[in-house]
Participant: 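I'd like to ask some things about the structure below.
By convention in this document, chain letters (A, B, ...) are assigned in the order of the sequence lines, proteins followed by strands, and residues within each chain are numbered from 1.
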Amino acid sequence: MNYLPILKIEDLCTYFYSRSKQAFIRSVDHVGLQIAKGQTLGLVGESGSGKSVTALSIMGLVRGEPGVISGSIELNTPEGGINLLQGLGLHVRIHRDNGRIMQVAKDADAWEKTADRNLRGIRGKQIAMIFQDPKNAMNPFVAVGRQIAEAVRLNTAVAGHREARARALHWLAQVRIDSPQLRYHNNPHGLSGGMCQRAMIAMALAAEPVVLIADEPTTGLDATIQSHIVDLMGDLKDELALTTLLISHDIDVIRSLADTVAVMYGGTIMQQGPVQAVLGDTGTQHPYTAALLDSIPDQRLIRSKGYLQAIRGDVLDTMNIPAGCRFYPRCNKVDDTIRAQCRDQEPALINIAGGHRVRCWRFAQARPYSGRAAVHAMQRN
Amino acid sequence: MQTSALKPIARLLTKELLIAVLLLLGVSLVVFFILYLAPGNPFATLAGKRAGSNWHQIQDNEPSGAWYAQYLHWLGRVVQGDLGHSTRSGLPVFNEVIKTGLNTAFLTIGSILLTLLLAVPIAVYTARKGLTAIGWGLTAGSYILAALPSFWFGYIVIYICIHQFGVFPLAFGADASQWRGIYFLLPVLVLGLCSGTLSEMVRYLREELSRVLTEDYIRTARAKGASIWKHALREGFVLPVTEMVAAKIPFVLGGAVVVEQVFNWPGMGRLAWQAAQDRDFPMIMGITLMAAVFVRTGSLIKQVVHICVNPRASQE
């Protein structure tokens with residue numbers, strides 16, 4: 001099989017406009033991602049870093065103006081590839097200044113019409129999504145089983161009500177819900193949070209999608225339930241060979257489920273690559289990734305009753321993106337040799353080893369490194 | 001709508017029946033007391049000032065007494081299914097109230113349906129598109145219509161239709177066979193537009209619908225390729241509509257009094273007006289009870305719909 005990513009996002013920009021501040025909120029700013037078949041891509045970052053907006057942009061579910069404004073989202077299914085943002089460039093005029101988007105004129109109605117046409121037969125069918133807060137994300141007035149059966153009828157070849165019901169029961173069993181026959185008739189409020197999340201997963205899987213997007217699937221559940229859901233998703237990944245975009249701020253969840261990972265900060269990707277390289281003990285981390293890892297309590301720290309290392313400063317206000325590196329104001333790894341660069345110039349995503357890319361001037365300095373040299377750097381620490 | 005809804009509905013009906021009995025007792029007591037305090041009596045209007053002040057005395061050869069004794073006497077007969085006779089016409093109150101009550105129910109339901117017919121499209125349009133020029137115009141129009149006094153608008157409508165077009169005969173209901181046709185449309189139209197319900201319905205339905213359209217589960221419906229309208233139907237449409245209709249029945253009934261008067265519609269409102277003029281106490285009491293039953297039935301239907309649509313409501 002040739003290496004063709006199932007989902008390939010390039011240069012995705014999703015902005016919102018704040019009338020009161022008269023400025024753009026650059027929620028997703030030139031993001032590129034790709035996921036290979038059967039792989040799970042973890043998307044991590046603090047709250048407000050643009051993870052969920054990225055997912056909603058893929059699904060065409062962004063509300064608010066101007067919304068998605070540029071980029072391409074390529075989906076390669078067995079039937080062929082399509083760009084979900086095809087033809088949308090006609091409906092938007094972007095004015096750039098110094099490479100930065102300063103003005104956007106968008107024909108929202110025409111955009112939405114075209115986007116909906118592009119997404120017909122894709123949304124829900126080829127790309128399904130699991131949301132956080134399942135009790136509110138499932139229709140509170142309809143039995144969960146019927147909601148799953150609806151997804152079956154809408155998105156698979158199964159059209160009959162009886163067969164759809166049988167499929168729904170199958171999926172309820174697949175996500176390890178006890179006595180699916182009974183649970184089928186429960187409304188979301190009649191299920192526990194964990195069960196409801198399982199039902200939500202079943203509903204997404206029932207469409208038999210090519211790509212699954214899971215937006216914070218474990219957030220808001222208590223710790224034991226969280227680990228059950230993580231276990232379930234791990235099992236499902238093996239059983240169904242799912243291609244997944246997994247969004248979480250919980251690095252442990254990403255570690256146990258993802259194959260590759262992208263770290264987002266201030267609306268853009270700071271680092272991406274294989275999980276071991278990005279989240280492992282390698283020393284080739286972006287300062288932001290390193291700071292994120294340091295802020296997780298580990299057993300040694302808990303036993304020694306030491307202090308947790310918080311990242312200093314606040315999450316980047318995406319209305320005022322600095323000219324230089326987005327993380328510069330909070331970075332603790334700037335030294336005098338690169339300070340001027342960090343402050344004034346935005347670094348590019350630099351490939352430091354096969355598929356492992358970092359957006360940091362510290363690694364740009366080491367640009368002459370070959371892939372092998374980078375491996376050395378990893379081993380040194 | 002599953003079988004699980006039947007038990008809560010049965011429980012609700014028992015509870016409602018109990019409440020209805022207490023409510024009717026309370027309403028009749030209050031109205032009876034007010035009538036007792038009110039100046040005038042049926043025989044003064046019929047026979048002049050010399051008539052006695054105690055209507056039981058003449059009607060039933062019953063001794064007069066304190067107001068509560070009169071009330072208990074009336075209540076005792078009501079419990080036996082006898083609402084008495086009109087002091088004016090001598091007809092049995094029960095038959096009169098049922099006959100005119102049906103006409104009023106017809107007028108009320110018709111006008112509420114008309115209001116919905118106008119309010120729902122405006123609400124859906126403005127919930128979807130926001131207050132665009134058209135949406136704003138429609139909303140403003142609904143406010144203006146709701147602000148028109150129905151007695152004035154009723155006469156304008158009659159004037160235009162009859163004098164300009166010569167379409168509608170003046171004597172509505174003069175002949176029982178006559179108002180079966182399209183003649184009932186005018187009062188329904190006037191009450192539907194001018195009872196003050198239209199603008200409130202537009203506003204309430206729009207707010208509810210646009211709130212529901214931003215709910216997480218509607219986003220989920222879009223994400224799975226389902227129709228958002230289908231998913232928004234229960235919470236964004238069925239619940240607010242029944243809520244609004246039940247809440248507006250008393251107002252529409254009140255409006256019916258005026259409209260029936262204007263159009264000479266043989267309904268309960270006109271009968272109530274007449275009975276009040278004549279101090280026709282048995283009739284007033286009968287109409288009061290009937291109106292209370294009307295209002296309570298509306299709220300009962302609302303609650304049954306709520307239980308069917310929203311199983312959570314039944315688990316309290």
Side-chain angles (χ1 to χ4, degrees), chain A residues 52 55-56 58-64 108-109 112 116 119-156 184-190 199-200 203-207 209 212-213 215, chain B residues 1-8 125-135 208-243 302-316:
Chain A
S52 290
L56 294 174
I58 299 169
M59 295 294 281
L61 295 176
V62 173
R63 291 178 72 96
D109 284 342
E112 205 176 309
D116 280 347
L119 283 162
R120 198 168 299 153
I122 305 284
R123 181 159 57 198
K125 194 172 193 150
Q126 310 280 17
I127 311 177
M129 188 159 172
I130 299 167
F131 295 93
Q132 57 174 309
D133 192 7
K135 287 210 174 184
N136 289 325
M138 292 190 87
N139 191 329
F141 302 95
V142 181
V144 290
R146 289 176 57 178
Q147 297 190 49
I148 299 168
E150 186 191 21
V152 170
R153 272 186 293 112
L154 287 170
N155 299 314
T156 67
Y184 186 94
H185 298 289
N186 275 116
N187 285 50
H189 67 94
M200 181 97 204
M203 188 164 82
L205 294 179
L212 180 69
I213 300 177
D215 186 3
Chain B
M1 281 299 204
Q2 310 89 352
T3 44
S4 60
L6 287 178
K7 227 172 89 185
Y125 181 87
T126 48
R128 215 184 125 96
K129 301 266 178 179
L131 284 179
T132 56
I134 300 174
E208 283 297 290
L209 190 57
S210 44
R211 177 183 65 76
V212 170
L213 284 178
T214 61
E215 291 280 343
D216 280 358
Y217 70 85
I218 298 299
R219 190 180 61 188
T220 309
R222 285 190 76 190
K224 74 175 186 180
S227 150
I228 58 169
W229 299 103
K230 185 184 149 200
H231 279 264
L233 184 71
R234 289 156 190 252
E235 196 187 358
F237 184 76
V238 176
L239 290 186
V241 164
T242 49
E243 184 79 47
K302 178 195 83 180
Q303 290 182 63
V304 170
V305 170
H306 276 213
I307 287 178
C308 290
V309 169
N310 184 3
R312 265 184 301 188
S314 61
Q315 289 182 356
E316 285 155 9

Participant: Under 4.5 Å from any heavy atom of chain A, what part of Leu233(B) do you find: side chain, backbone, both or neither?
Facilitator: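 Neither part.
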
Participant: Output yes when a side-chain donor or acceptor of Gln147(A) lies under 3.5 Å from a complementary backbone atom of Val142(A), and no otherwise.
Facilitator: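 Yes, Gln147(A) side chain to Val142(A) backbone: donor-acceptor pair under 3.5 Å.
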
Participant: Flag the one option from Lys135(A), Met203(A), Arg120(A), Met200(A) with the top tally of heavy-atom pairs under 4.5 Å to chain B.
Facilitator: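 Looking at each option in turn, the highest pair count goes to Met203(A).
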
Participant: By a 4.5 Å heavy-atom criterion (distance strictly below it), what part of Asp116(A) contacts chain B: side chain, backbone, both, or neither?
Facilitator: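 Only the side chain of Asp116(A) comes within 4.5 Å of chain B.
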
Participant: Find the one option among Glu235(B), Lys224(B), Glu215(B) whose heavy-atom pairs under 4.5 Å with chain A are most numerous.
Facilitator: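 Highest number of heavy-atom pairs under 4.5 Å: Lys224(B).
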
Participant: Could you tell me the separation between the CD1 atom of Ile122(A) and the CG atom of Asn155(A), rounded to the nearest 0.5 Å?
Facilitator: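 Going from CD1 on Ile122(A) over to CG on Asn155(A), the span is 11.0 Å.
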
Participant: Give a yes or no answer on whether the side chain of Arg123(A) reaches the backbone of Gly60(A) with a donor-acceptor pair at less than 3.5 Å.
Facilitator: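 The answer is yes, because a donor-acceptor pair under 3.5 Å joins these two groups.
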
Participant: Please flag which part of Ala137(A) lies under 4.5 Å from any non-hydrogen atom of chain B: side chain, backbone, both or neither.
Facilitator: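 Both backbone and side chain of Ala137(A) come within 4.5 Å of chain B.
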
Participant: Could you grab the distance from atom CZ of Phe141(A) to atom CG of Asn187(A), nearest 0.5 Å is fine?
Facilitator: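 The distance works out to 9.5 Å.
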
Participant: Can you tell me how far apart CD1 (Ile127(A)) and CG (Leu119(A)) are? Round to the nearest 0.5 Å.
Facilitator: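 Ile127(A) CD1 to Leu119(A) CG: 7.0 Å, rounded to 0.5 Å.
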
Participant: Checking the side chain of Asp216(B) only, and the main-chain atoms of Asn136(A) only, is there a donor and an acceptor separated by less than 3.5 Å?
Facilitator: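 No: the side chain of Asp216(B) does not pair with the backbone of Asn136(A).
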
Participant: Counting heavy-atom pairs closer than 4.5 Å to chain B, which one of Asn139(A), Ile130(A), Leu56(A), Asp133(A) comes out on top?
Facilitator: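 Greatest number of close heavy-atom pairs with chain B: Asn139(A).
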
Participant: So for Lys230(B), is it side chain, backbone, both, or neither that comes closer than 4.5 Å to the heavy atoms of chain A?
Facilitator: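 Just its side chain gets close to chain A.
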
Participant: Side chain, backbone, both or neither: which part of Met138(A) has a non-hydrogen atom closer than 4.5 Å to chain B?
Facilitator: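 Backbone only.
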
Participant: Atom CG of Leu209(B) and atom CG of Leu239(B): how far apart are they, to the nearest 0.5 Å?
Facilitator: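 That separation rounds to 12.0 Å.
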
Participant: Relative to chain B, which segment of Ala151(A) carries a heavy atom at a distance below 4.5 Å: side chain, backbone, both, or neither?
Facilitator: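 For Ala151(A), heavy atoms of backbone and side chain both lie under 4.5 Å from chain B.
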
